[in-house]
Structure formats: structure tokens, C-alpha cells
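Following: one structure in C-alpha cells, then a few remarks.
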Amino acid sequence: MIVCPNCNHQNPDGANQCEACYTPLPAMSSCPNCGSSVQTDATFCGQCGCDLRSSASASGEEQATASEQALPPTAVSFPDIPATVAMPALDPPEPLVQPEPVGSSASVPSTASSGASSAEAASSVSSQPVAPPAPSPIPTAPAPTPAGGGSKTQLQQQTAKLLHIQTNTELELPQQLSVIHLGKPNERIPPDIDVSGFPNSEVVSRVHADIRVEGDGFYLEDVGSANGTYVNNFPLPAGNRHRLRPGDRISLGKGDMVTFLFQIS
């Protein structure tokens with residue numbers, strides 16, 4: 001069934017316009033994971049939560065790989081290189097420089113004089129005072145951090161809330177749940193956020209909408225309510241998700257009579 005985004009009338013599959021108000025209907029396709037009917041421009045599947053964007057990109061990569069494999073190998077030709085190539089003439093090498101001859105015996109000091117010089121040098125070295133080795137530095141322990149003086153970085157967990165505009169009442173979203181049900185008491189799916197005590201709650205269905213928590217994101221989706229779900233005064237089609245941002249206005253049902261503001265603190 002295709003739900004009309006204007007009057008929420010349920011039309012048969014394959015219809016192009018609404019049977020009740022003649023509004024053009026969105027195109028539908030099948031979820032690649034569960035096979036349920038979703039809009040072609042939907043980001044997530046409303047039944048199994050499958051990310052339709054990753055499925056589309058995966059199919060595109062498979063088509064690109066198949067097209068690359070279908071291409072024939074390209075032959076590369078290289079130009080012929082002649083067997084003999086004329087080499088440029090090289091300059092003649094420079095003559096080697098001959099080392100200078102060793103000096104005569106007159107320039108070499110005698111054994112007696114060299115021995116006397118060695119003795120004088122040894123006596124001069126022994127007469128000089130020898131400096132003691134420098135002491136090695138003693139490692140010092142780091143100064144202890146005073147109790148209560150050090151500052152540590154602490155991770156703060158975000159808390160999401162719904163502020164009921166008509167009564168100025170804050171409702172904190174449960175942090176331990178990944179799917180939070182909005183509605184009124186029933187035997188099929190009990191609500192985690194019960195709106196039956198608020199004024200004009202008769203426009204809200206017993207199973208109305210869900211808020212899914214994925215990582216640090218909160219996603220709102222309508223689960224087949226009778227009067228629809230609106231975000232910032234725009235209808236949220238069934239099967240589509242909307243990532244909530246602080247300040248988003250959520251209306252359960254028509255007429256903006258049960259309205260909440262999404263907040264994060």
C-alpha cells in the first residue's frame with residue numbers, strides 16, 4: 001500500500017495519484033534486505049532499518065567491476081631501437097699526478113732525539129694535575145600531585161529530552177534503549193513515552209512513532225499512525241527517517257495540538 005503524503009489515504013501498489021485527493025504519489029521500490037515496499041528517495045527502510053544508500057553504492061561498485069573485467073587487454077607497442085648507436089667521442093683522460101718523493105734521511109730526526117722528546121712529553125703530562133671525573137647527576141623523582149588539585153578530562157554523556165510545548169513539561173528519553181516507542185498504552189507495543197496524560201492526546205495513535213538511537217544520532221520515524229507525524233510543520237512519510245537536531249519541532253497528529261521540542265543537554 002502507498003500512503004498519500006497529503007491526506008494519509010492508503011492507495012494500492014502501483015497507483016500514480018491518490019484516489020481521495022488526486023495528489024501525485026511517490027515512486028516505490030523494494031528493500032534489498034527484507035523486500036518490503038519503500039519510497040525510492042528513502043534513506044532507510046522502515047521495517048528493518050537497512051541503509052538504502054550503502055546498498056545503492058555497493059550495487060554501483062559491482063557494475064563498475066564487471067565493466068572493468070569485460071574490457072579486453074590493450075596491446076602496447078614500443079618503437080624499434082637501432083642495434084648500433086653512435087656514441088660521442090670522449091676526451092682523453094687527464095694525466096695522473098705523481099706523489100712527492102719521500103724526504104731524505106736528513107729531514108728524519110734521529111732515534112736519540114726522538115726518544116728524548118718522548119721522555120720530555122711524558123714528564124710534562126705526568127706533572128700536570130688530573131681533574132677528577134664529574135659526578136653523575138642523581139635522578140630526582142617527580143613532584144607529587146596534590147590531592148584534588150589535578151584536573152582530569154571526563155567524558156560527559158549527552159541527555160536527550162522532549163519538551164511538551166502545551167504544558168512546558170520535560171520528558172527525558174531513556175538512555176538504555178535503542179528504540180523508544182511514542183504513543184499510548186496498548187497490549188501490542190507498550191509506549192516508552194506515554195502521551196495519554198497530555199491535552200488533546202486523542203489525535204495520537206496508540207502505536208504512533210519511534211525514536212531510534214544509533215551511535216550519537218537520534219532518528220524519528222512514523223510507524224503507521226492514523227493522523228501522521230510532522231517535523232517542523234512538514235509531514236514525515238511512513239518508512240522515512242529524520243535525524244533529529246536540537247530545536248526540531250515534533251507534532252504527533254494533525255493540528256499541532258500535541259507538540260514537542262527535541263533538546264540535547
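Worth saying up front: this structure is predicted, and the values here are computed from it rather than measured.
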I'd like to know if the side chain of Asn232 reaches the main chain of Arg249, judged simply by a donor and an acceptor atom lying under 3.5 Å from each other, with no hydrogens or angles considered.
yes
Does Thr259 offer a backbone N or O that forms a donor-acceptor pair with the side chain of Gln166 under 3.5 Å?
yes
Which value, rounded to the nearest 0.5 Å, describes the distance between [X] atom [atom1] and [Y] atom [atom2]?
{"X": "Tyr219", "Y": "Asp210", "atom1": "OH", "atom2": "CG", "value": "15.0 Å"}
{"X": "Thr229", "Y": "Leu182", "atom1": "OG1", "atom2": "CG", "value": "8.5 Å"}
{"X": "His181", "Y": "Asp194", "atom1": "NE2", "atom2": "CG", "value": "13.5 Å"}
{"X": "Met257", "Y": "Ile165", "atom1": "CE", "atom2": "CD1", "value": "14.0 Å"}
{"X": "Glu170", "Y": "Ser265", "atom1": "CD", "atom2": "OG", "value": "8.0 Å"}
{"X": "Ser196", "Y": "Glu202", "atom1": "OG", "atom2": "CD", "value": "11.5 Å"}

Do [X] and [Y] belong together in a cluster built from hydrophobic side chains that touch within less than 4.5 Å?
{"X": "Leu173", "Y": "Leu177", "result": "yes"}
{"X": "Leu171", "Y": "Phe262", "result": "yes"}
{"X": "Ile264", "Y": "Ile193", "result": "yes"}
{"X": "Val231", "Y": "Val213", "result": "yes"}
{"X": "Leu261", "Y": "Leu252", "result": "no"}

Minimum heavy-atom distance Thr167-Pro199, with the two atoms named:
CG2-CD, 3.9 Å
Minimum heavy-atom distance between Ser205 and Ala226, given as atom pair plus value
OG-N, 3.0 Å
Just checking, is any N or O donor in the side chain of His208 or Asn227 under 3.5 Å from an acceptor N or O on the other one?
no
For atom CD of Glu187, decide whether the heavy atoms of other residues, nucleotides or ligands shown that lie under 6.0 angstrom number more than 12.
no
Close side-chain approach of [X] to [Y], heavy-atom, < 4.5 Å:
{"X": "Val258", "Y": "Ser251", "value": "no"}
{"X": "Leu244", "Y": "Ile250", "value": "yes"}
{"X": "Pro185", "Y": "Pro190", "value": "no"}

For Lys161, is there an ion pair with Glu172 - N to carboxylate O distance below 4.0 angstrom?
no
Could you go step by step and tell me if Lys254 and Tyr230 meet the side chain to side chain contact (heavy atoms under 4.5 Å, CB included) rule?
CA-CA 8 Å; Lys254 297 180 180 179; Tyr230 298 82; 3.4 Å; yes
What verdict does the side chain to side chain contact (heavy atoms under 4.5 Å, CB included) test give for Arg243 and Leu220, after you've listed the backbone C-alpha separation in whole Å, the side-chain angles of each residue and the deciding distance to 0.1 Å?
CA-CA 6 Å; Arg243 180 163 185 172; Leu220 175 68; over 6 Å; no
When you look at Phe260 and Val195, which way does the side chain to side chain contact (heavy atoms under 4.5 Å, CB included) test go after all the steps?
CA-CA 11 Å; Phe260 297 92; Val195 300; 3.8 Å; yes
Can you confirm whether or not the ring centre of Phe198 sits under 6.0 Å from the ring centre of His164?
yes
Audit row: Asn240, His242, side chain to side chain contact (heavy atoms under 4.5 Å, CB included) steps and yes/no:
CA-CA 7 Å; Asn240 284 13; His242 171 78; over 6 Å; no
